[in-house]
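Single-structure report; data block below.
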Protein chains: 2
Amino acid sequence: MISIKDIAKLAGVSVSTVSRVLNQQDNVKADKRERILAAIKQTGYVPNRAARDMVSKHTSTVGIVMPGTFNMFQRQLFSIVEHHLEQFGYHTSFYFASTDEDGELACLKRLKADRLDGIIILHEVALPEFRDHLEDNHIPTVLATFEREGWKATSIHISEDEAALRAVSYLIKLGHRDIACIGGTKYSFSSQRLLGYRKALEQAGIAYDERKVAFADAYNMEGGALALNQLMESNTNFTALFAITDELALGSIRALADHNLSVPGDVSVVGFDNIELSSFSVPRLTTISQPLVEMGQMSVALLHSLITSKNGLPVSIALPFTFVERDSTAQLR
Amino acid sequence: MISIKDIAKLAGVSVSTVSRVLNQQDNVKADKRERILAAIKQTGYVPNRAARDMVSKHTSTVGIVMPGTFNMFQRQLFSIVEHHLEQFGYHTSFYFASTDEDGELACLKRLKADRLDGIIILHEVALPEFRDHLEDNHIPTVLATFEREGWKATSIHISEDEAALRAVSYLIKLGHRDIACIGGTKYSFSSQRLLGYRKALEQAGIAYDERKVAFADAYNMEGGALALNQLMESNTNFTALFAITDELALGSIRALADHNLSVPGDVSVVGFDNIELSSFSVPRLTTISQPLVEMGQMSVALLHSLITSKNGLPVSIALPFTFVERDSTAQLR
DNA sequence: CTGAAAGCGCTTACAG
DNA sequence: CTGAAAGCGCTTACAG
């Protein structure tokens, strides 16, 4: 492996000078600079990142904490974040945290071994040591898509319960009174979206009926299908359904088809997240759209300012969501 | 940041000894080992990876080269690979390569800055410097899901053309003669799958009709929908459709619905890849299943043996695919 | 079994 | 504008 010494020798200068041009400092005479650049080009030399990271206090790398298995919404967000991070000149390291405690612990350990300039968390970690580590070492942190009390971190999110309320109110406006819900058990958004569902019912004077609520174990289509089947067996009936994520909604549509129920003919379905898929499904899904691109951009921009300003205060920002009417919902007949 | 020196001081030993227990060498007396372990636990110390990587010749990290925007198939594969890599004790670094030349160049540069133990490539890079770098530095490499002539790398893949032939032959067996195809322009699998399509037609004595073939620009659902619309405008007719990826197939089903054409009633559709989504779509998609889990496992296992044995020869392995009959195909009426 | 010392490939004052 | 030197946090012979 070719090193900075080789370049210095080749160009007939000291390593300090090579280092200077490597780090685009302008205080190097043109002729030396050119000889150095030529040597670099000729050898295809690229500085060893490990060495550079070790000596400088910053690593120019940002960590992204992700769930072990990420859903489509997170996948899209992650792409956007990654892209912007690259624009800002950051490297990215990924830290997958399984939901169990061991997984989070292993994740934290890996995190500690790297010196990160900052970190973006896409996955609600439960472990308190996580927050402790970030706080003790003053690592700038952005929580993307959720809030967390007690964390000294900037948070970008939407108002989950308001959005859910909006979605369910729409179903009510269409004349539906028997509205089922597919919720979840993990992460704070599940309780917040369920809260929105309850608020909407309350506002319309509809009694909450727990037989109309099923909880999915996993936020994927299979989870949605399974939950729908539970609802079918629970001795209740409904003409509309609110699923707290699009994947759940799409899975439920699949299961409804298996029960010979059509959407929106027999059941109106509204989802949440507006993943790419939702505009290509049959029928296209009515849903809540999170401002994904803005959330990603903003997370990166705010993290960057946190990193560079060094004394920025954490903020909690609720971005506006939008409601997207498509073909999976209809007026109650 | 707490360092190995601090631990040494705390435990009253030398850094060498601390290093020994850190690297699980057994030649350390029990009492010292315990004092060291206690100090580590108490301080939450984790060795600095950059320092460790710099001094040791291996980094225990494997690079994964991915396309800038990865489709669902790649996303699934990537999860599996990541998981197994972790099992084997490797760290992973991701290198996203945009398809243009600049993107690949930037990707290569990042790659060079890290000292990787090995690399798994999920994305067909075109740049010759890529191969040169890997070969010159003897970096063990596995190509996952494709082959590449002239690369001294192990390759795990399926026989793309045979699989496509199988899919299209099935349509023919169902009585279809007017079979359209949605192909693509990028990556070798597109031409191979198209080749399989042509072979199947040939075997059945059906003339190849280029009006029945449309090419998607992107391997996503929108690309599939767009391509289907092209077919509708191309003054031809068809009762079956082979799309070279599931996402393309699903996008085409969406577009068919927009033309009031039902699947499989009016058009039988078969895809390729068997992504998760395909068993939850309405209708469920008939498709070719790549042995994703095995491919991921095998890529990692073979890479590991390449890394540890140091003189393993590259192999090219074609794994068996399976054909999955579901609801998107029907006998010609 | 253990420690002192050298060295990995860089950057960063410091002196000129 | 430039170079010699120190040092980042580890590991690895080497000597005992």
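The chains referred to below are lettered A, B, ... by the order of the sequence lines, with proteins before strands, and numbering in each begins at 1.
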Inset, instruction - Please state whether the base of D:dG3 and the side chain of A:Arg20 form at least one donor-acceptor pair under 3.5 Å? - result: yes
Inset, instruction - Grab the NZ-P distance between A:Lys5 and D:dA4 for me, whole Å please. - result: 13 Å
Inset, instruction - When you get a sec, tell me which of C:dC10, D:dC10, C:dT2 is the closest nucleotide to the side chain of B:Asn27? - result: C:dT2
Legend entry - D:dG3 phosphate, OP1 or OP2, under 4.0 Å from A:Ser16 side-chain N/O: no
Inset, instruction - Consider the side chain of A:Val55, meaning its heavy atoms from C-beta on, and name the nucleotide among D:dG9, D:dG7, C:dT2 that approaches it most closely. - result: D:dG7
Inset, instruction - Please check if any side-chain donor atom of A:Ser14 sits under 3.5 Å from a side-chain acceptor atom of A:Thr17, or the reverse. - result: yes
Legend entry - From A:Asn137 atom CG to A:Leu111 atom CG, the distance as rounded to the nearest 0.5 Å: 10.0 Å
Inset, instruction - Tell me which nucleotide among C:dT11, C:dA4, D:dG3 gets nearest to the side chain of A:Ser14. - result: D:dG3
Inset, instruction - Whole angstrom is fine here: how far is it from CZ in B:Arg35 over to C1' in C:dC1? - result: 13 Å
Inset, instruction - Return no unless some side-chain N or O of A:Thr17 is found under 4.0 Å from OP1 or OP2 of D:dG3. - result: yes
Inset, instruction - Identify, between A:Val46 and B:Asp26, the residue whose nearest nucleotide on DNA chain C lies closer to the 5' end. - result: B:Asp26
Legend entry - Close aromatic pair by centroid cut-off 6.0 Å: A:Phe94 and B:Phe94: yes
Inset, instruction - Starting from P on D:dT11, measure out to NE2 on B:His58 and report it in whole angstrom. - result: 10 Å
Legend entry - Paired nucleotide for C:dA4 [Watson-Crick or G-U wobble; both distances under 3.5 Å]: none
Inset, instruction - Give the rounded distance in Å between these two atoms: CD1 of B:Ile4 and C1' of C:dT2. - result: 14 Å
Inset, instruction - Measure centre to centre between the rings of A:Tyr219 and A:Phe73, then say whether the value is under 6.0 Å. - result: no
Legend entry - Nearest-Å distance for atom pair CD/C1', residues B:Glu34 and C:dT2: 17 Å
Legend entry - Whole-Å distance separating the CE atom of A:Met54 from the C1' atom of C:dG9: 8 Å
Inset, instruction - Name the pairing partner of D:dA13, where a pair is Watson-Crick or G-U wobble with both distances under 3.5 Å, or state none. - result: none
Inset, instruction - Measure from CZ on B:Arg115 to C1' on D:dC10 and round the result to the nearest Å. - result: 17 Å
Legend entry - Criterion side-chain contact (heavy atoms from CB on, under 4.5 Å) against B:Val142, the qualifying member of B:Leu122, B:Val81, B:Thr154: B:Thr154
Inset, instruction - Round to the nearest Å and state the distance from B:Gln25 atom CD to C:dC1 atom C1'. - result: 12 Å
Inset, instruction - Remember a base hit wins even if backbone is also touched, and classify A:Asn23 as base, sugar-phosphate or nothing at under 4.0 Å, heavy atoms. - result: sugar-phosphate
Legend entry - Distance-only donor-acceptor check, side chains B:Glu147 and B:Ser155, under 3.5 Å: no
Inset, instruction - Select base, sugar-phosphate, or nothing to describe what B:Ser3 touches, counting heavy atoms under 4.0 Å on all strands. - result: sugar-phosphate
Legend entry - Listed nucleotide nearest any side-chain atom of A:Tyr45, set C:dC10, D:dG3, D:dC8: C:dC10
Legend entry - N or O in side chain of A:Lys32 less than 4.0 angstrom from D:dC1 OP1/OP2: no
Legend entry - Candidate nucleotides C:dT11, D:dC10, C:dT2, ranked by approach to the side chain of B:Lys29 - the nearest: C:dT2
